[in-house]
Q: 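Let me give you the structure first, and then I'll get to my questions.
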Amino acid sequence: DTATVLKALKPQDWAALRPTTCTDLGVKVLVMAQHAGNPDLFLGAVFRKAGNGFELERLDAYSFQAWYGAMK
């Protein structure tokens, strides 16, 4: 599950995540990132606009296989 994947990420794994897409949804912003060394690992973060900044609302980690299976 997502929590297990996120807890298993080492500091160097976080540093290797590169944003690929940013979508402004009005009151929320979706940021997608892909791991530079493991392109099958994706991270999705949803930020909620709060005042002059943003607050993290949701953080999910996925593998390409999981996304592909969900899209079938």
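The first residue in the sequence is number 1, and the count goes up from there.
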Q: Taking side-chain contact (heavy atoms from CB on, under 4.5 Å) as the definition, give me every residue that meets it alongside Gln12, ordered by chain and number, with sequence neighbours left out.
A: Lys10
Q: Please list, one pair per line, the donor and acceptor atoms closer than 3.5 Å that link side chains of residues 26-45 to other protein atoms, with sequence neighbours excluded.
A:
from: Lys28; atom 1: NZ; to: Glu57; atom 2: OE2; distance (Å): 2.8
from: Gln34; atom 1: NE2; to: Pro39; atom 2: O; distance (Å): 2.7
from: His35; atom 1: ND1; to: Gly37; atom 2: N; distance (Å): 3.0
from: His35; atom 1: ND1; to: Asn38; atom 2: N; distance (Å): 2.9
from: Asn38; atom 1: OD1; to: Asp40; atom 2: N; distance (Å): 3.3

Q: In this structure, are over 12 heavy atoms from other groups packed under 6.0 Å from Arg48 atom CZ?
A: yes
Q: Any pair with a residue in residues 17-27 that passes side chain to side chain donor-acceptor pair (under 3.5 Å), sequence neighbours left out, goes on the list, sorted by first then second residue, please.
A: Asp24-Lys49
